[in-house]
Amino acid sequence: MFERPSHLQATAPAEARGRSRDQARLLVSTPQGHQHAIFRDLPALLEPGDLLVVNDSATLPASLPASSGGLSFIVHFSTDYGGGIWLIEPRWSAAQPGPLPLNSGDALAMPGLTGRLISRFPGLDRLWFVRFDGDVQTAMTRFGAPIRYGYVSQRYPLTAYQTAFARNPGSAEMPSAAYPFTPDVVRRLRERGVGVTAITLHTGVSSLEVEHETVEDHPLFPEPFAVSRRAADAVNAAHREGRRVIAVGTTAIRALESAWNGSQVVPRAGFTRVYVHPGAGIHTVNGLITGLHDPVTS
């Protein structure tokens with residue numbers, strides 16, 4: 001375990017603090033030891049021929065006000081399973097999670113949408129399956145806001161929750177490992193000869209604490225992913241040629257590991273519950289760029 005002093009926790013985006021995203025501190029860990037750097041130093045820390053695998057999922061305005069049976073609360077949309085069925089997290093507020101006193105069959109109302117609760121997600125009582133009537137994407141666009149939690153002091157625009165690689169809307173929350181990348185850093189990476197290829201993994205809500213002593217037993221809800229032929233070929237070619245493959249975020253690792261057939265990465269799309277932990281091992285990457293993770297998280 002390690003301590004995370006609350007006074008060091010960021011409560012606003014870098015832009016709101018008058019800083020560039022690439023001014024974030026960077027800890028570089030290799031078999032030779034550790035060194036401190038700044039994220040804008042990244043191009044010099046990588047080698048020509050290295051391949052970065054990024055997540056091109058874009059963040060949705062996935063938080064909407066809601067009501068049911070006289071209760072008023074907010075809903076965080078998590079994952080779209082098709083046919084109007086979503087996984088959601090009802091919360092009392094940004095700072096106060098559930099579970100709420102809701103029941104299967106209850107009606108749910110929010111601006112531009114109505115729905116009916118189906119059931120809780122097994123083992124995760126704060127999450128509900130809901131069938132919606134209406135266009136969820138349109139309701140989000142018109143009435144939604146980015147998901148935020150109590151430690152964020154105020155609302156910020158959706159652009160503050162997008163990465164430099166965001167192309168494909170679908171994530172409840174930003175794939176945050178790519179947050180420090182700026183257009184200037186990406187340009188200098190390409191000039192350095194570092195390749196970039198993209199997978200897609202739409203992240204669900206991240207507010208659920210791991211409560212099992214055996215981490216691998218923690219329930220995981222399926223998240224949609226896609227690894228294209230282009231991405232699979234780029235990763236396989238790098239491995240064949242002895243070049244490093246570096247994932248930007250555990251979402252990129254989870255997508256690649258979900259597309260691993262035992263000998264190489266293959267084009268694949270679907271839903272994944274892959275959980276990154278030492279017992280499972282990693283087959284598809286040589287390194288990882290990520291934010292600091294709390295103990296027992298993926």
Side-chain angles (χ1 to χ4, degrees), residues 9-13 15-16 57-163 166 168-176 179 201-209 219-224:
Q9 188 164 266
T11 59
E15 301 94 316
S57 180
T59 310
L60 299 168
S63 179
L64 275 76
S67 62
S68 180
L71 295 175
S72 295
F73 46 93
I74 62 173
V75 159
H76 287 177
F77 284 80
S78 178
T79 308
D80 181 4
Y81 292 116
I85 296 177
W86 281 74
L87 191 65
I88 67 167
E89 182 193 7
R91 296 175 64 94
W92 292 113
S93 67
Q96 185 179 359
L100 276 67
L102 299 170
N103 298 289
S104 298
D106 286 354
L108 186 66
M110 56 186 63
L113 280 177
T114 58
R116 194 163 295 278
L117 299 174
I118 300 173
S119 65
R120 297 182 190 270
F121 191 93
L124 297 172
D125 285 348
R126 282 161 50 182
L127 301 185
W128 278 90
F129 289 107
V130 180
R131 184 185 298 277
F132 284 102
D133 296 316
D135 189 327
V136 172
Q137 299 291 345
T138 297
M140 283 187 188
T141 300
R142 292 186 61 190
F143 306 108
I147 287 176
R148 69 182 181 96
Y149 297 108
Y151 62 86
V152 178
S153 56
Q154 63 186 70
R155 292 192 180 276
Y156 294 97
L158 187 60
T159 53
Y161 297 88
Q162 304 292 12
T163 73
N168 188 4
S171 279
E173 301 183 36
M174 176 176 59
S176 57
Y179 180 79
L201 189 145
H202 294 316
T203 65
V205 292
S206 66
S207 60
L208 305 175
E209 297 83 6
L220 294 176
F221 54 87
E223 294 173 309

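We use all heavy atoms of the structure for the numbers below, so side chains are in, but hydrogens, waters and symmetry mates are not.
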If you look at every heavy atom in Pro175 and Ser171, which pair is closest and at what distance? CG-OG, 4.0 Å

Evaluate Phe77 against Ile147 for side-chain contact (heavy atoms from CB on, under 4.5 Å), listing each step before the verdict. CA-CA 9 Å; Phe77 284 80; Ile147 287 176; over 6 Å; no

Roughly how far apart are Ile88 CD1 and Phe129 CZ, rounded to 0.5 Å? 11.0 Å

Give, for atom CG of Asp80 and atom CD of Gln137, the distance between the pair rounded to the nearest 0.5 Å. 7.0 Å

Backbone N or O of Gln96 within a donor-acceptor pair of the Ser93 side chain at under 3.5 Å? yes

Judged by atom type as modelled, is there a donor-acceptor pair below 3.5 Å linking the side chain of Thr79 to the main-chain atoms of Glu223? no

To the nearest 0.5 Å, what is the distance between CE on Met174 and OG on Ser57? 11.5 Å

Got Trp128 and Pro90 here, is their nearest side-chain heavy-atom distance under 4.5 Å? yes

Give the table of side-chain donor-acceptor pairs shorter than 3.5 Å for residues 113-121, with sequence neighbours excluded, one pair per line with atom names and distance.
unit_1, atom_1, unit_2, atom_2, d
Arg116, NH1, Gly105, O, 2.6
Arg120, NH1, Asp125, O, 2.6
Arg120, NH2, Leu100, O, 3.4
Arg120, NH2, Leu102, O, 3.3

Please round to the nearest 0.5 Å and tell me the distance separating atom CG of Leu60 and atom OG1 of Thr141. 8.5 Å

For residues Pro146 and Thr59, determine if any side-chain heavy atom of one lies less than 4.5 Å from a side-chain heavy atom of the other. no

Is Val75 close to Val130 at the side-chain level, that is, under 4.5 Å between some pair of heavy atoms? no

Locate the shortest heavy-atom distance separating Pro101 from Trp92; write the atom from each residue and the value. CD-CZ2, 3.6 Å

Determine the minimum heavy-atom distance between Ala94 and Arg91, stating which atoms define it. O-NH2, 2.9 Å

Can you check whether Pro65 reaches Phe143 side chain to side chain, under 4.5 Å on heavy atoms? no

Partners of Tyr161 by ring-ring contact (aromatic ring centres under 6.0 Å, His included), sequence neighbours excluded? none

Here the pair of heavy atoms bringing Ser63 nearest to Ile74 is OG-CD1, 4.3 Å

How many angstroms lie between atom CZ of Phe221 and atom OH of Tyr81, to the nearest 0.5 angstrom? 6.5 Å

If you count every heavy atom of other residues, nucleotides or ligands that lies below 6.0 Å from Arg148 atom CZ, does the total exceed 12? yes

Do you know the tightest heavy-atom contact between Ala10 and Tyr151? O-CD1, 3.7 Å

Mind checking the NE2-OG spacing from His202 to Ser78? Nearest 0.5 Å is all I need. 12.0 Å

Any donor-acceptor N/O pair, Thr203 side chain to Glu173 backbone, under 3.5 Å: yes

Minimum heavy-atom separation for Tyr156 to Ala12, with atom names? OH-CB, 3.2 Å

For Val205, does its backbone N or O pair with a side-chain atom of Glu89 as donor and acceptor, under 3.5 Å? no

